[in-house]
J.: 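Just passing along the structure, written as structure tokens.
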Amino acid sequence: MTEIPVPRDIPLPLPAPEPVLIAVLVIFFLMHIVFVNFMIGGALLTLHYELRGLKEKRYDKLAYAIASTITANKSIAVVLGIGPLLAINTIYTVYFYTANALTGAFWISIIPLVIAAFVLTYIHKYLWHQMDRVKWLHIAIAIVVCLLFLFIPLIFLTNINLMLFPEKWGTTQGFFSALALPNVFPRYAHFILACPAMTGLLMVWLFRRRSAQEIEETGFARVELMRKGYQWAFWPTSAQFLVGPLAMLTLPQVETNLHAVWAVFGIAILVSLGMAHLMFAETRRPAETIGKSFLPICALMLVVVSLMGVGRHLYREAAVTPHRELVRAKTQDYMRKVEEANRAVATKAPAEKTQ
Amino acid sequence: MDFPVFHLDLLGNRGLIATIAILHVLINHGLAVGMMPLVAAMEWYGNKKQDPRWDRLAYKILFFCFLITTTVGALTGVGIWLSVSLVNPYSIGSLIRVFFWAWFTEWLVFITEVCLILAYTLTWKKWSARGPEWKARHIKLGFALAFFSWVTMAIIVAILGFMMDPGNWLTDHSFWTGVLNPLYIPQLAFRTPLAAAMAGIISMFLILFFTGKQDAFRLEALRAVGVWTLVFAPFVLLAGWWYYTSVPEAMKDNLAVSLATMQFAEWQNKFLQIAVVTVITILLVVQVAIARPNLLPKVALVVPFVAILWMTGHFERVREFIRKPYVIGQYMYANGLRVGDYALLQRDGVLAYATYSNPLTPAEQAGLPAGLSGEQRDALLERIQKGKDVFMDTCSRCHTGHGMNSITGHLKRMFGDRPWTPELTAGYIEGMHYAQPFMPPFPGNAQELQWLGAYLEHLQNNTAPIPGAQTAGVIVNGDAAPRTATTDIRKETAAR
């Protein structure tokens, strides 16, 4: 039978009202993740177009245009991740640190892996033209970057998943056993699919605002580039209608009821349907009208992403709340014992002195 | 420790933090805080003299810094967080609760800094081409970036200073008394010119790469940056002096112990020597750079750079030195246990309140004395298991079994090859904090001291590395873990 650990929390008050910390966590995490999507999706699309560029030169130019966005996005992604990290440290101290420790070797390897990925991304971008003669090496770098970018989120996801299930802590032995917990891979697939989709929208935004001369240099018509962006947005989003519910249904059962979570995800699915419809309509539009629905699509995407963030938080709370009550009780009980022991020592000490 | 214990038995847990942190400090001081004002100054000077060579050089140096700070620099900053939260979750968790808003503000400043460095680097060529008005704007951007880089350091130094000396925070638990601790201003005053001098040395090194040997500009640039470095060098010495004369005030409680005083005197002498050597090497090399720049070999610049590293390293060590045996002065010991918990733990034992146990691996079970019956063997293994748990919960934050700063190394030095019997080691550990004032007192009870002794005796015959929770997992202690009725568990119980 599995023992469920109930550790003590840190006996210091939260630094701010809990809703404030939750707002910091949810809002900034979503901002962070959007830029991570741009970064990973950017790397994947760059590789895709660079490979196509071997046969048709203009795809190489397109790949370069997308590659140019990755480095700025990655800096913003990193810096936006720190606020949520602070917040998760305070709200879920026991859960987060425990999951970190249990997968420690991989958790800390995030640092060298991300450094390697970033350095290679810079090399790939800034030596693009110099490496024309060793294109195979240049593409090999892009492949390594993509593999690193695909692997690193898995470490985060495994941690964030493990932290929700104290009953698994006693049986987890390192990263791979935590990776085998249910729900990790459906959530991972859900996240990875979002990367090209978000980057597709970034492409539309990018080529919508470029000057006619810059567009001409790519060798594509503006409408073609925008359509490609919409296609990247549409097809992965369509796949999400399968993967999303799968990720939702494989969420482990928790003690608390999940009606609110289902409701939020349900609304998200409905809004996504509307958004996907608009995306599809855009892929069919001629040069004159393409881009007409771009802002509504972005607005709907914002709603979907926000609902995902809210749903995710509600599930996390539902999973953790009963256990957190036990942790709270245990911490209070422990602190009572601490005070009592200190009182005993304090009364004993003067008594000894007088003897 | 009430978390699963992450442990690195070769590098040591402190080794992990130190490696990441030192790299971060070097990049932060040398390539960001000190370098950004220097680059902005170069751009300004080039614009004033209408000399494009300065502009080109400034851009090249900036681009180099941009690549390093946005990869290794930014990530080692996050790495400090991740490593400290693995190694000492209790201390970082407590610090975050006290300093949340300081860190939050630092984060906002950091976002600004990243946006500014992106903007400053990526608009350099475009804005410069747009005419003098835009160029002036770009130079202002550079100085704004320099300012924000310094502000992030100024905030972090407050937190570092707090860890050394929480001052009045202990009595009134307020955020500002923690921030405005007595070491704050001297430390900031020391780090600021140090960063500027470091940047000077590094950029002289870069100038040798970015300019040709015959290029007359190389000499001019070396001279100018030499003057920059020369201006800051005396301030390093002055502020260093101020800092270390403030230290005794901060650690007056520690200095009551004569051994600590001796250690401090030793540190102080060494600091003085290193600081003087550093400043002299800087002055010498910079003299050459200014007077005979064409005679300056690249390797000569490595000398003051290494000296600065040495001084920074020694300077950073003092933080550890001052705060020991605490990780947060007077509040939490380096082992992650609160000072206030000691009365309880020394009465009931550390293990009574430990949620997790750290299972012995088969390799760790080897090396038991020969000729034991099955029963004796089991009993001994149980004692060793408990001793290991005591070790992991109370010693392993600083000590490894057989790696860096290993417990076996210390025991070997003290007791040699004679058997490390529990009587011998437990007796020593019990009073260790009197002889070694930087060690926290043993937090457990008498029984646990004996178990720890049994484990240490076992370590004399077993050199298998001690795994952390990240590889061996944990066992949840039964008594400490009342079962809760989640659906899974209910089902499992019903099935039985």
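Labels below follow one simple rule: chain letters A, B, ... track the order of the sequence lines, proteins then strands, and each chain is numbered from 1. Atom set for the values below is all heavy atoms of this structure, side chains included, hydrogens, waters and symmetry mates excluded.
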J.: Are more than 12 heavy atoms, taken from residues, nucleotides or ligands other than B/L10, located less than 6.0 Å from that residue's CG atom?
T.: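 Open.
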
J.: Kindly indicate, with the supporting measurements, whether the criterion side chain to side chain contact (heavy atoms under 4.5 Å, CB included) is fulfilled by A/W107 and B/L82.
T.: CA-CA 8 Å; A/W107 180 244; B/L82 299 195; 3.7 Å; yes

J.: Determine the minimum heavy-atom distance between B/L75 and A/F118, stating which atoms define it.
T.: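 Closest heavy-atom pair between B/L75 and A/F118: CD2-CE2, 3.7 Å.
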
J.: For the CG atom of B/L95 and the CG atom of A/N89, what is their distance to the nearest 0.5 Å?
T.: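 The CG atom of A/N89 is 11.0 Å from CG of B/L95, to the nearest 0.5 Å.
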
J.: Flag yes if more than 12 heavy atoms outside A/H129 fall under 6.0 Å of its NE2 atom; otherwise flag no.
T.: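 Yes.
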
J.: Using heavy-atom distances under 4.5 Å, tell me whether A/V338 contacts chain B through its side chain, its backbone, both, or neither.
T.: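 Contact with chain B: backbone and side chain both.
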
J.: Run the numbers on B/Y356 and A/T98 for side chain to side chain contact (heavy atoms under 4.5 Å, CB included), then give the verdict.
T.: CA-CA 11 Å; B/Y356 305 101; A/T98 302; 4.0 Å; yes

J.: At a heavy-atom separation under 4.5 Å, does A/T90 approach chain B through its side chain, its backbone, both, or neither?
T.: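 A/T90 touches chain B through backbone and side-chain heavy atoms alike.
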
J.: Working to the nearest 0.5 Å, report the span between CG of B/N88 and OH of A/Y97.
T.: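 So the CG of B/N88 and the OH of A/Y97 are separated by 10.0 Å.
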
J.: Heavy-atom distances under 4.5 Å only: say whether B/I68 touches chain A with side chain, backbone, both or neither.
T.: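 It is neither, since no heavy atom gets under 4.5 Å.
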
J.: With respect to chain B, which residue among A/V119, A/I108, A/N100, A/T256 yields the maximal number of heavy-atom pairs within a distance under 4.5 Å?
T.: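 That would be A/I108.
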
J.: What part of B/L8 is in contact with chain A, defined as an atom under 4.5 angstrom from a non-hydrogen atom: side chain, backbone, both or neither?
T.: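 Neither part.
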
J.: Can you list, pair by pair, the side-chain donor-acceptor contacts under 3.5 Å of residues 15-36 of chain A, counting residues two or more places apart and other chains?
T.:
from  : atom 1 : to    : atom 2 : distance (Å)
A/H32 : ND1    : A/A77 : O      : 2.7
A/H32 : ND1    : A/G81 : N      : 3.4

J.: How long is the straight-line distance from CD1 of A/I10 back to CZ of B/F3, given to the nearest 0.5 Å?
T.: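 Here the interatomic distance stands at 5.0 Å.
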
J.: Quick one: which of A/T103, A/T121, A/L80, A/T71 has the most heavy-atom pairs under 4.5 Å with chain B, could you say?
T.: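 Greatest number of close heavy-atom pairs with chain B: A/L80.
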
J.: Between A/V6 and B/T355, is any pair of side-chain heavy atoms under 4.5 Å apart?
T.: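 No, their side chains stay 4.5 Å or more apart.
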
J.: Does atom CD of A/Q130 have more than 12 heavy-atom neighbours, drawn from other residues, nucleotides or ligands, at distances under 6.0 Å?
T.: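 Yes, enclosed.
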
J.: Run the side chain to side chain contact (heavy atoms under 4.5 Å, CB included) test on A/K330 and B/Y353 for me, step by step, so that the C-alpha distance in whole Å, both residues' side-chain angles and the decisive distance to 0.1 Å come before the verdict.
T.: CA-CA 10 Å; A/K330 181 149 177 194; B/Y353 299 100; over 6 Å; no

J.: Mark yes or no for whether A/Q173, through its side chain, and B/A472, through its backbone, hold a donor-acceptor pair below 3.5 Å.
T.: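 Yes: the side chain of A/Q173 pairs with the backbone of B/A472.
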
J.: How long is the gap from CG on B/L16 to CD1 on A/I111, to the nearest 0.5 Å?
T.: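 B/L16 atom CG to A/I111 atom CD1 measures 10.0 Å (nearest 0.5 Å).
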
J.: Between A/I82 and B/W103, is there a side-chain heavy-atom distance shorter than 4.5 Å?
T.: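 Of all side-chain heavy-atom pairs linking A/I82 with B/W103, none is under 4.5 Å.
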
J.: Going by residue number, which parts of residues 104-111 of chain B are within reach of chain A, meaning a heavy-atom gap below 4.5 Å?
T.: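 B/F104, B/W107, B/F110, B/I111 fall under the 4.5 Å cut-off.
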
J.: Measure distances from B/S83 to the heavy atoms of chain A and classify the residue's part below 4.5 Å as side chain, backbone, both or neither.
T.: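 It is both, since atoms from each part get that close.
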
J.: Aromatic ring centroids of B/F66 and A/Y122 under 6.0 Å?
T.: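 Yes, ring centres under 6.0 Å apart.
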
J.: For B/V72, which atoms come within 4.5 Å of any heavy atom of chain A: side chain, backbone, both, or neither?
T.: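 Both parts, backbone and side chain.
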
J.: May I ask you to check whether A/Y126 and B/F63 place their ring centers less than 6.0 Å from one another?
T.: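 Yes, they do, as the ring centres are separated by less than 6.0 Å.
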
J.: May I have all residue pairs that pass salt bridge (charged side-chain N to carboxylate O under 4.0 Å, His left out) and include part of residues 335-357 of chain B, sequence neighbours excluded?
T.: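 Passing the test, one end in residues 335-357 of chain B: A/E340-B/R347, B/R338-B/D341.
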
J.: So how far is it from A/L85 CG to B/S85 OG, rounded to the nearest 0.5 Å?
T.: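 One gets 7.0 Å once the value is rounded to the nearest 0.5 Å.
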
J.: Please classify the contact of B/I92 with chain A as side chain, backbone, both or neither, using a heavy-atom distance under 4.5 Å.
T.: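 Interface part for B/I92: both.
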
J.: Quick one: are B/V474 and A/T172 in side-chain contact, heavy atoms under 4.5 Å?
T.: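 A side-chain contact under 4.5 Å is absent here.
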
J.: Distance from A/M335 atom CE to B/L344 atom CG, nearest 0.5 Å?
T.: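 These two atoms lie 10.0 Å from each other.
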
J.: Can you name the nearest heavy-atom pair linking A/V345 to B/A343, along with the distance?
T.: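 Heavy atoms only, the tightest pair is CG2-CB, 3.7 Å.
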
J.: If you apply the rule side chain to side chain contact (heavy atoms under 4.5 Å, CB included), what do you find for B/Y331 with A/L12, and how did you get there?
T.: CA-CA 12 Å; B/Y331 177 75; A/L12 286 171; 3.5 Å; yes

J.: Is the shortest heavy-atom distance from the side chain of B/E113 to the side chain of A/V79 under 4.5 Å?
T.: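 Not touching, per the 4.5 Å side-chain cut-off.
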
J.: With salt bridge (charged side-chain N to carboxylate O under 4.0 Å, His left out) as the rule and sequence neighbours excluded, what pairs involving residues 92-101 of chain B come up?
T.: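 Of all non-adjacent pairs touching residues 92-101 of chain B, those that pass salt bridge (charged side-chain N to carboxylate O under 4.0 Å, His left out) are A/D9-B/R97.
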
